[in-house]
Undergrad: 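Dumping the structure here so I can ask a few things about it.
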There are 2 protein chains.
Amino acid sequence: MSIKGQPPQSQAQTHSLSQMEKRPLYEQIKETLLARLAADYWRPGELLPSEPKLAGEFGVSQGTIRRALDEMVSQGLLTRHQGRGTAVTEHTPFRFFDLLRADGARELPESKTLRISVNAASRTERDALELATGKKVIRIIRVRYLNLEPKIYETISVSRDLFSAFATMDARDVPNTIYNYYEQKFGVPVVSKRDRLRAASATQVEARYLHIDVGTPLLEIECVAYSHRNQPIEQRISRCLTDEHHYCSSPS
Amino acid sequence: MSIKGQPPQSQAQTHSLSQMEKRPLYEQIKETLLARLAADYWRPGELLPSEPKLAGEFGVSQGTIRRALDEMVSQGLLTRHQGRGTAVTEHTPFRFFDLLRADGARELPESKTLRISVNAASRTERDALELATGKKVIRIIRVRYLNLEPKIYETISVSRDLFSAFATMDARDVPNTIYNYYEQKFGVPVVSKRDRLRAASATQVEARYLHIDVGTPLLEIECVAYSHRNQPIEQRISRCLTDEHHYCSSPS
DNA sequence: ACCTCAAATTCTTATATAAGACTTAGAACA
DNA sequence: TGTTCTAAGTCTTATATAAGAATTTGAGGT
């Protein structure tokens with residue numbers, strides 16, 4: 001029984017990759033790992049146990065672990081290096097920011113929060129965030145600067161039930177890279193998003209903050225951010241001045 | 001030798017998955033299959049040989065074939081069904097059309113070609129299509145209709161060297177779903193694309209064709225379409241009226 | 001400071017078994 | 001005689017495991 005390299009103690013009971021389950025093993029394992037990631041079991045940048053170790057822990061072969069990890073890598077959740085190990089991806093602040101300069105370079109925007117308010121969710125907010133009628137949302141309105149010039153007028157909506165801490169927060173304390181904040185303060189990582197884009201005209205308010213004329217064409221990006229299991233986390237409507245930048249779709 | 005179902009003639013010598021090669025087998029196989037796809041060795045919708053057959057042909061195990069096929073499936077080139085087989089994906093006309101109605105439904109646009117011309121390639125065209133200085137392009141300008149209303153003013157640019165047949169074509173004969181035409185007439189399938197989006201103002205010409213006022217905000221989509229091996233095929237600039245439709249990014 | 005070697009890791013390939021889908025032979029029935 | 005249904009058989013892809021190769025890292029020696 002005393003095989004060298006065996007993991008310490010008894011820890012083989014808690015996983016229960018139920019044999020009765022119809023779903024394939026690698027999928028159950030992926031789900032478990034996903035849950036751990038969501039629970040901050042491993043920190044971003046941290047190395048996961050090696051494939052053989054995980055295989056031992058779950059009582060399956062290395063290849064099965066590998067398949068689960070492969071899928072998470074293709075989702076951008078993990079990063080692997082031969083000879084080194086498998087790490088939790090550290091999301092750069094750029095990960096979900098798709099406005100590029102003409103030369104293709106990315107600039108990190110600065111942000112100035114204008115207002116935080118609590119409102120009844122609108123129809124589109126309820127649809128996007130999958131909220132029941134009567135639920136409330138917290139709205140954060142801010143202006144974002146690229147190369148020190150105001151380029152984006154942005155309205156962020158989140159469920160008050162999930163992010164009540166925002167309601168009492170001072171506008172100055174709203175962090176710039178807010179997805180990181182969701183992950184660190186609330187333990188809710190944003191792992192995917194879906195964008196819808198239109199052309200629009202600058203309103204009076206937008207014109208004032210973006211230093212442009214009323215009616216100037218703006219690129220409107222309506223973005224819904226999702227956490228694990230496709231749970232919608234945030235709706236964001238960004239109205240962007242695209243004189244020096246453009247939105248870049250991920251190559252399909 | 002006369003095994004039933006055997007492909008005709010001798011075809012087992014040409015593969016040469018050179019043992020000297022440093023690249024993994026599955027990658028070399030993928031490359032070969034990709035080349036066959038590009039050469040129209042199998043037609044869209046057609047079933048490929050089964051995994052064991054391919055394994056036998058290439059002299060590798062089924063798992064290795066599987067890995068090559070898996071990657072091509074994830075790129076959307078192949079479609080697999082357990083128990084049936086692996087087929088070449090038939091691209092619907094919608095595959096690369098990202099303008100959706102508010103309810104999320106897709107409408108196939110009608111097109112009216114306005115003009116076909118041959119010009120020296122502009123700077124952006126040369127960049128997009130990777131053409132040498134002095135090379136010429138064929139430009140196709142057309143209006144596209146959604147639900148019978150003019151919504152898109154579109155300029156298509158392709159290399160004259162590759163698509164000379166366009167130069168002498170009557171405007172009325174330009175097909176609506178032009179990617180299919182590339183694949184069927186020129187044997188050049190479009191397998192991916194990259195979009196860049198901006199907000200813009202309708203010019204006088206656009207205003208006339210789209211039945212709108214000059215200066216109306218339009219969504220400008222600059223799209224470069226690629227064939228196998230990332231060869232750029234076409235640049236397309238679509239200026240879209242987004243009062244009833246919106247651009248939808250593929251979920252990342 | 002540089003080189004060598006050993007240990008740990010992921011990567012590649014192969015093989016075996018399971019599960020789903022289509023085909024066809026043949027019985028049952030009209 | 002023709003039709004319909006059933007079930008077995010055969011083809012397909014899906015899943016799981018194992019073993020050796022390639023790569024990185026770091027310790028130890030020169």
Side-chain angles (χ1 to χ4, degrees), chain A residues 3-8 15 17-33 42 45-89, chain B residues 3-7 15-33 42 45-89:
Chain A
I3 298 173
K4 181 192 67 177
Q6 197 77 344
H15 304 307
L17 301 179
S18 62
Q19 309 283 335
M20 304 300 104
E21 267 269 5
K22 268 306 167 193
R23 291 159 52 223
L25 280 176
Y26 72 87
E27 215 172 88
Q28 299 179 46
I29 289 170
K30 182 182 167 188
E31 184 121 0
T32 304
L33 295 178
W42 299 295
E46 188 178 341
L47 246 49
L48 267 61
S50 71
E51 293 177 353
K53 281 216 185 70
L54 285 171
E57 186 192 347
F58 283 98
V60 300
S61 79
Q62 184 182 353
T64 305
I65 293 292
R66 174 153 262 279
R67 170 117 189 218
L69 294 180
D70 275 339
E71 297 204 355
M72 296 171 76
V73 167
S74 76
Q75 284 182 26
L77 270 46
L78 301 178
T79 311
R80 318 222 267 165
H81 293 285
Q82 185 172 354
R84 190 141 65 86
T86 304
V88 181
T89 302
Chain B
I3 299 172
K4 181 192 65 178
Q6 196 77 346
H15 304 307
S16 72
L17 301 180
S18 62
Q19 310 284 333
M20 304 301 103
E21 267 269 4
K22 271 303 169 194
R23 293 158 51 223
L25 281 176
Y26 71 87
E27 216 172 87
Q28 300 179 45
I29 289 170
K30 182 182 168 188
E31 184 121 0
T32 304
L33 296 178
W42 300 295
E46 188 178 341
L47 245 49
L48 266 59
S50 70
E51 292 180 353
K53 280 216 187 72
L54 286 171
E57 185 191 347
F58 284 98
V60 300
S61 80
Q62 183 182 354
T64 304
I65 293 293
R66 174 153 263 280
R67 171 114 190 224
L69 295 180
D70 275 341
E71 297 203 355
M72 296 172 76
V73 167
S74 77
Q75 282 183 259
L77 268 46
L78 301 177
T79 312
R80 316 225 268 165
H81 293 286
Q82 186 172 0
R84 190 141 66 83
T86 304
V88 181
T89 302

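In what follows, every chain begins at residue 1, and chains take the letters A, B, ... in the order their sequences are listed.
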Undergrad: Is the shortest heavy-atom distance from the side chain of B:F58 to the side chain of B:L25 under 4.5 Å?
TA: no
Undergrad: Please report the distance, rounded to the nearest Å, between CD in B:Q28 and C1' in C:dT13.
TA: 13 Å
Undergrad: In the structure I gave you, are the side-chain heavy atoms of B:D70 and B:R80 within less than 4.5 Å of one another anywhere?
TA: yes
Undergrad: For the pair made of CD1 in A:I65 and P in D:dT15, what is the distance, rounded to whole Å?
TA: 16 Å
Undergrad: How long is the line joining CD1 of B:I29 and C1' of C:dA14, in whole Å?
TA: 12 Å
Undergrad: What one-letter contact string describes nucleotides 3-12 of chain C from 5' to 3', where B marks a base within less than 4.0 Å of any protein heavy atom, S marks contact via sugar-phosphate atoms alone, and - marks no contact?
TA: ------BBBB
Undergrad: Is a side-chain donor or acceptor of A:T89 paired with a backbone partner of A:G76 at a separation under 3.5 angstrom?
TA: yes
Undergrad: From A:M72 CE over to A:I29 CD1, what is the distance, rounded to the nearest 0.5 angstrom?
TA: 11.0 Å
Undergrad: Measure the angle between the two terminal helix axes of the helix from C:dA1-D:dT30 to C:dA30-D:dT1, five base pairs each, and quote it to 10°.
TA: 0°
Undergrad: Roughly, in whole Å, what's the span from CG in B:L47 to C1' in D:dT12?
TA: 9 Å
Undergrad: With a 4.5 Å cut-off on side-chain heavy atoms, are A:R67 and A:E71 touching?
TA: yes
Undergrad: Just jot down the salt bridge (Lys or Arg N to Asp or Glu O under 4.0 Å) partners of A:E46, sequence neighbours excluded, or say none.
TA: none
Undergrad: Return the minimal non-hydrogen interatomic distance between A:V88 and A:L78, and the atom names on each side.
TA: CA-CD2, 4.0 Å
Undergrad: Write down the distance between CD (B:E46) and P (D:dT12), rounded to a whole number of angstrom.
TA: 14 Å
Undergrad: Does the side-chain contact (heavy atoms from CB on, under 4.5 Å) test come out yes or no for A:L69 and A:L48, once each step is laid out?
TA: CA-CA 10 Å; A:L69 294 180; A:L48 267 61; 4.3 Å; yes
